[in-house]
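Structure record follows, encoded as structure tokens.
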Amino acid sequence: MGLYNPTDNLLEGIREIFPLELCPWDDYYTRMAQTDFLCGRQNLQASKTFFFRKAPFNGSYAILGGLTAFMRTLQDYQFNNDVAEALEDQGYRKEFINFLVNTLQRINVAVSAPPEGSVILPNEPAVVWEGDLISVRIAEGIALKCLNYPTLSMTKWHRVCLAAKPGMVMEFARRRAQDDLRTSLYAHLAGVDISSNSEIRRGFRIPVTGTMGHEFIQSFGDEFEAFDRWIEHNPDRPTLLIDTIDTLKSGLPNAIRAFKKHRERIEAAKGIMGVRNDSGDLAYITMEERIAFLREDMPYIRIFETNDLDEYSIEAIRGQIYAEAPKAGLDTSELIRNIVWACGTNPGTCSDQSSLGGVAKLTSIEKDGVIRPVIKIARDNPIKTSIPGLNRSAYIWKGDVLVGCLIYARTEVLPVIAVNIEDHTKIISLTEYKLEPRHSCQFTRNVTLKNVRDRVRSDTDRLHWTYKRFVKPNTIPLYLSPELAKTRKNMIDNNRLI
């Protein structure tokens with residue numbers, strides 16, 4: 001096969017685009033693993049849990065991304081001679097290296113999580129893995145990179161799509177994103193329709209397109225001539241950038257003139273006419289453009305909005321259009337449907353939050369032949385006190401409203417009551433609600449791009465609108481099973497880590 005292999009399969013595309021790293025961890029994971037080996041602890045069974053403490057962007061939830069990338073590394077990675085050479089160069093003991101290469105050979109963990117694209121909540125055990133202590137430690141170094149940025153990016157782009165709905169969203173973050181390929185991939189999985197990043201198409205069947213830049217018009221020195229020549233040679237892509245001189249006084253009339261001249265050519269090529277705004281008062285300009293298109297009997301022309309957009313600016317522009325468009329006699333819904341929101345820098349760099357802050361904590365370990373819960377007690381900062389045990393989560397529904405998230409031990413039968421994690425005096429009877437277990441063993445071989453996009457849509461469509469608003473959203477309470485609440489309290493009260 002050649003280098004260009006677009007696919008709808010998420011795992012295959014990840015393997016095509018993202019090379020497997022030789023040492024995919026921070027050094028301290030393998031230093032701890034080596035010390036475990038030297039202490040003779042390599043066969044102890046343990047578990048870790050990935051979660052975040054606070055929802056990103058001041059929201060109430062996140063979208064789980066990067067699970068397939070995590071599973072890919074676990075499936076494909078081998079401790080081979082190349083890894084041995086690297087570890088030896090980094091000062092690791094030969095006996096530990098020999099153990100990795102000849103005995104362990106692979107990272108042997110079982111992973112349990114909601115499917116990629118699922119809604120996940122603060123402090124919910126989002127991804128859990130268990131296995132021998134060496135594998136469990138090393139897997140964390142892989143998980144944090146694979147899960148943190150994709151979850152952050154997917155959440156940001158989902159918010160943009162939520163703000164733009166029912167309009168289309170285009171991503172063109174390649175120019176400024178710190179990790180443009182992952183940005184383009186997880187933007188698409190979050191619901192973005194089109195990318196400008198040509199390289200992402202090498203591995204994924206993601207629609208790619210582009211328009212023109214200001215320099216194309218500048219290079220002709222005449223706006224109409226630039227539009228005229230563009231459509232002559234690109235009748236299948238007749239989107240014109242109209243703010244190089246003056247959007248409404250120059251760009252708009254020249255665009256309409258060019259569209260009229262080449263109407264038959266565009267229709268024959270099945271092109272969709274559009275204009276792109278990149279500066280100015282976008283709400284006002286958009287309404288004036290729509291009035292002009294209707295006057296010229298060209299209601300089908302799409303309007304592309306750019307200029308450092310994000311979910312906040314999109315929501316503000318839409319709000320102004322909804323308030324003012326009816327006064328101008330415009331059909332607001334039809335106008336909004338004809339807008340394409342082309343976003344780059346802000347969501348592409350997750351500009352209002354640089355990282356998710358996702359962590360993985362040791363939650364259980366074998367001691368005296370028994371798997372026991374493990375806790376981190378942070379008296380200086382109680383928010384960092386962890387939830388001990390090899391746990392699972394279930395969402396609590398009352399009708400079609402999500403009212404909470406239950407965390408319980410994997411070995412427990414689902415309880416009939418639940419204890420609020422922040423106030424143990426608040427107890428709810430679960431017999432009044434429907435429980436939806438969240439975790440399943442992960443087999444990612446046949447996950448498609450559409451699978452994940454559909455899951456993002458279906459999971460978030462089920463959330464009440466008050467959880468999805470961008471400013472002061474309602475939060476979803478977290479509950480523990482009575483047994484887990486009792487275990488956690490006892491460990492905290494007695495400073496008992498295991």
Side-chain angles (χ1 to χ4, degrees), residues 29 32-33 36 41-53 64 67 70-71 74 104 106-115 118 120-144 146-147 358-378 384-396 404-415 417-419 421 430 435-443 478-492 494 496-498:
Y29 297 112
M32 287 189 289
D36 286 325
R41 291 155 48 95
Q42 64 270 22
N43 293 323
L44 296 181
Q45 296 298 296
S47 69
K48 285 195 175 189
T49 297
F50 171 83
F51 64 97
F52 57 90
R53 298 183 178 100
L64 177 60
L67 184 61
F70 178 42
M71 296 300 297
L74 296 178
L104 194 62
R106 292 179 176 275
I107 302 165
N108 300 308
V109 295
V111 178
S112 177
S118 297
I120 53 175
L121 304 178
N123 293 301
E124 177 184 5
V127 182
V128 179
W129 58 95
E130 54 187 300
D132 65 88
L133 183 57
I134 304 295
S135 293
V136 165
R137 290 208 196 278
I138 292 174
E140 179 181 348
I142 298 166
L144 293 185
C146 287
L147 299 172
V359 296
K361 295 300 178 185
L362 187 71
T363 48
S364 72
I365 195 166
E366 181 182 355
K367 185 174 182 180
D368 301 326
V370 178
I371 303 297
R372 302 180 186 276
V374 175
I375 192 172
K376 174 188 177 183
I377 302 172
K384 290 191 174 185
T385 296
S386 63
I387 300 172
L390 179 50
N391 298 323
R392 299 290 185 261
S393 63
Y395 282 2
I396 306 169
C405 174
L406 170 70
I407 301 177
Y408 59 98
R410 186 192 66 173
T411 54
E412 280 190 88
V413 175
L414 286 173
I417 61 172
V419 179
I421 191 172
L430 296 176
L435 293 180
E436 178 186 88
R438 300 279 291 159
H439 284 242
S440 61
C441 293
Q442 291 303 311
F443 300 94
L478 194 67
Y479 295 90
L480 304 179
S481 71
E483 188 63 30
L484 181 54
K486 179 181 176 182
T487 298
R488 185 172 187 255
K489 183 177 186 303
N490 180 267
M491 296 178 80
I492 293 171
N494 293 284
R496 186 164 57 84
L497 300 179
I498 297 177

Partners passing ring-ring contact (aromatic ring centres under 6.0 Å, His included) against Phe50 (at least two apart in sequence or in another chain): none
Distance (rounded to the nearest 0.5 Å) between Met32 CE and Arg137 CZ: 5.0 Å
Nearest heavy atoms of Leu144 and Ala360, plus distance in Å: CD2-N, 3.8 Å
With Lys489 via side-chain hydrogen bond (donor to acceptor under 3.5 Å, both in side chains) - residues at least two apart: Asp493
Distance, nearest 0.5 Å, that separates OG of Ser481 from CD1 of Ile407: 9.5 Å
For Thr411, all residues meeting side-chain contact (heavy atoms from CB on, under 4.5 Å), sequence neighbours excluded: Ala409
Test log, rule side chain to side chain contact (heavy atoms under 4.5 Å, CB included), inputs Leu480 and Ile387: CA-CA 9 Å; Leu480 304 179; Ile387 300 172; 4.3 Å; yes
Interatomic spacing from CD in Gln42 to OG in Ser135 - rounded to 0.5 Å: 11.0 Å
Heavy-atom side-chain contact between Pro482 and Ile417 under 4.5 Å: yes
Sequence-distant partners of Ile498, side-chain contact (heavy atoms from CB on, under 4.5 Å), two or more places apart: Ile365, Lys367, Arg372, Val374
Distance (rounded to the nearest 0.5 Å) between Phe70 CZ and Ile142 CD1: 6.5 Å
For Arg488, salt bridge (Lys or Arg N to Asp or Glu O under 4.0 Å) partners two or more places apart: none
Results of side-chain contact (heavy atoms from CB on, under 4.5 Å) for Ser364 - residues two or more places apart only: Ser47, Ile371, Leu390
Arg41: partners by side-chain hydrogen bond (donor to acceptor under 3.5 Å, both in side chains), with sequence neighbours left out: Asp36
Inter-residue atom distance Lys384.NZ - Arg53.CZ, 0.5 Å rounding: 5.5 Å
Set of side-chain hydrogen bond (donor to acceptor under 3.5 Å, both in side chains) partners for Glu366, sequence neighbours left out: none
Heavy-atom pair with the smallest gap, counting every atom of Pro388 and Pro373: CB-CB, 3.9 Å
Partners meeting salt bridge (Lys or Arg N to Asp or Glu O under 4.0 Å) with Asp132 (sequence neighbours left out): none
Test salt bridge (Lys or Arg N to Asp or Glu O under 4.0 Å) applied to Glu140 - qualifying residues, sequence neighbours left out: Lys48
Heavy-atom side-chain proximity of Leu104 to Ile134 below 4.5 angstrom: yes
Qualifying residues under salt bridge (Lys or Arg N to Asp or Glu O under 4.0 Å), relative to Arg496, sequence neighbours excluded: none
Sole residue of Leu484, Thr363, Thr49 in side-chain contact (heavy atoms from CB on, under 4.5 Å) with Asn391: Leu484
Student check: side-chain heavy atoms of Phe52 and Pro122 closer than 4.5 Å: yes
Shortest non-hydrogen separation from Ala46 to Leu362 and the atoms involved: CB-CD1, 4.1 Å
Minimum heavy-atom distance His439-Ala126, with the two atoms named: CE1-O, 3.8 Å
Gln45 side chain near Val136 side chain, heavy-atom distance below 4.5 Å: no
Distance, nearest 0.5 Å, that separates CD1 of Ile138 from CG of Leu133: 9.5 Å
Whether Ser386 side chain and Ile375 backbone form a donor-acceptor pair below 3.5 Å: no
Atom of Arg438, atom of Ser118 and distance for their closest heavy-atom approach: NH2-CB, 3.8 Å
Heavy-atom pair of closest approach, residues Phe51 and Lys361: CE2-CG, 3.7 Å
Non-neighbouring partners of Asn108 that pass side-chain hydrogen bond (donor to acceptor under 3.5 Å, both in side chains), sequence neighbours left out: none
Close side-chain approach of Pro415 and Leu430, heavy atoms under 4.5 Å: yes
